[in-house]
Amino acid sequence: MRALTIEPGTKDSLAVTEVPVPEPADDELLVTGLAIGVCGTDRELNGGLYGWAPPGEDLLVIGHESLGRVEAAPEGSGFAVGDLIAGVVRRPDPVPCPACAHGEFDMCRNGEYTERGIKELNGFGSEQWVVKQDFAIRLDPALGRTGVLMEPTSVVAKAWDEVFTVGGRAFFDPTSVVIVGGGTIGLLAALLGGQRGLEVHVVNSSQKPNKEKLVTDLGGHFHVGDLPQILAEVRPDIVIDTTGDSGTLADILESVIPYQVVCLLGMHDPQDPTGLDLATIGKQIVLDNVAIVGSVNANVRHWQQAAEALAAADGQWLSSLITRTVPLTRALEAFDHERGDIKVVIDLQA
Ligand code: BGC
C-alpha cells in the first residue's frame, strides 16, 4: 500500500512509498485511511528540522491529523465496521512518568512520550492503518470529511481547558478573548470560544476575506494590524497566541491587564530576537496576577471534547476551513503555500 514518508533529519525527503499493509493486533482496529491534514509541524518534518523514525528504521510515515473508517474491529471494542474515527497522536512514555501513568500523556514529564507521525511511531498517512481501540475516537458520521479537523480541534480543546483551569484559581467570569493568528488553530479556537459564550476577537497579520467571513459568521470580530492597540481597546480576559512569533509575544506581554490568562500555542524560534524589557514585564505580571500557560498536544478527554465541539458546529463553516484537498499521488503540492489556504488536506484514497 502507499504511505507518505519522510527521512527524518533530511530536507525535502517527502515521498509516496510502498509499505506493507499493517496487521491489527488483538486490541487494534484496522482502518481505511481517508485523509490527513497538513500543518506547520509537517512542514518542519519535511524541512528536516523535526521528527524521529521508529527505532531501527530510516523512514517515518507522517500524518498526525487523521481521518479514517473502521474496516475491522475486535469484538467488545465498542467500534463497528464503518465508524468514522480519528487516531490520538501521543502515546504515554514507557517508564511511565506520573502524568503518563494517570492518562495525562499530553503533560509527560520525562519527554520519552512517542507521537504518531512525528516521534518514533508511524503516522496515519497511509491507505490503511491500525490503532489501539483506546486511542481511537469515534466521530459524528455527519462530520464526513470535516472530521479531519479533529486533531487541531483537540489541541484547541486542551488550550481552552487550560485557560479555564488556570483562570479558575480565583474568581473568573471571562467575557472576551483575543486570539492572535487566523490560521486553522486560531479559527478553531474562535469556534470553541464562541461555544463558551465569549466575545471573540481574531487578529490576523493581513486582510483575508475568507478568514474574516469565518470569524464574522461565528459572531466574532476580525482585526488586522496593530495588536497593542487592539489589546488596549478590547482589554480581553483571555489571550490565545497561535502565531509562535516572538514580536507578537512581546506585544502581548507588554499589554497584560489584571488577572488576564495568556495561553501560548505557537512554537517559537529561539533565534527570533525580541528586545523585551523583562524587568518591567515581570513586575506587571506579578502586580496583575497574570497567568501565562503554554499548551501542547491533548489527551483522550480533550479529544472527546473536540468530537463534541465539532458535532455542535455548523457543517458549512467547518467545510470552509478546508480550502484545498490534494490526492496522495500529488501530496507534495499540499506542502506549498497557496493564496487563501487555511487547512490543506491529502486524500489518501486518490
Ligand atoms: C501536534 C501535537 C504535537 C506537537 C509536538 C503538533 O503539531 O499537533 O500533537 O504534540 O506538534 O510534536
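The residues of the chain are indexed from 1 along the displayed sequence. All ligand and atom numbering here is 1-based and tracks the order in the structure. From a predicted model like this one, the values you see are computed outputs, not experimental measurements.
A distance of 4.0 Å separates CE in M1 from OG in S126, rounded to the nearest 0.5 Å. S205 OG to H223 NE2: the interatomic distance, rounded to the nearest 0.5 Å, is 14.5 Å. To the nearest 0.5 Å, the span separating OG1 on T184 from NZ on K343 amounts to 4.0 Å.
Close contacts of ligand 1 with Y50, meaning ligand atoms under 4.0 Å from a residue heavy atom, involve 5 (C), 12 (O). Close contacts between ligand 1 and H64 involve ligand atoms 1 (C), 7 (O), 8 (O) [criterion: under 4.0 Å to a heavy atom]. Interface of V296 with ligand 1, defined as ligand atoms under 4.0 Å from a residue heavy atom, comprises 4 (C), 10 (O). Counting the atoms of ligand 1 from 1 in the order shown, those under 4.0 Å from a heavy atom of R90 are 10 (O). Of all atoms in ligand 1, numbered sequentially from 1 with element shown, those under 4.0 Å from a heavy atom of E151 are 1 (C), 2 (C), 8 (O), 9 (O).
Of all protein heavy atoms, the one closest to atom 7 (O) of ligand 1 is T41 OG1, 2.5 Å. Atom 10 (O) of ligand 1 has as its closest protein heavy atom E115 OE2, 2.5 Å.
Neither the backbone nor the side chain of E65 comes within 4.0 Å of ligand 1, counting heavy atoms alone.
Applying the 6.0 Å contact sphere to CG of D26 captures no more than 12 heavy atoms from other residues, nucleotides or ligands.
A side-chain contact (heavy atoms from CB on, under 4.5 Å) with H201 is found for one member of V234, V180, V239 and no other, namely V234.
Under 4.0 Å is where a charged nitrogen must lie from a carboxylate oxygen, and between R90 and D106 no such pair does.
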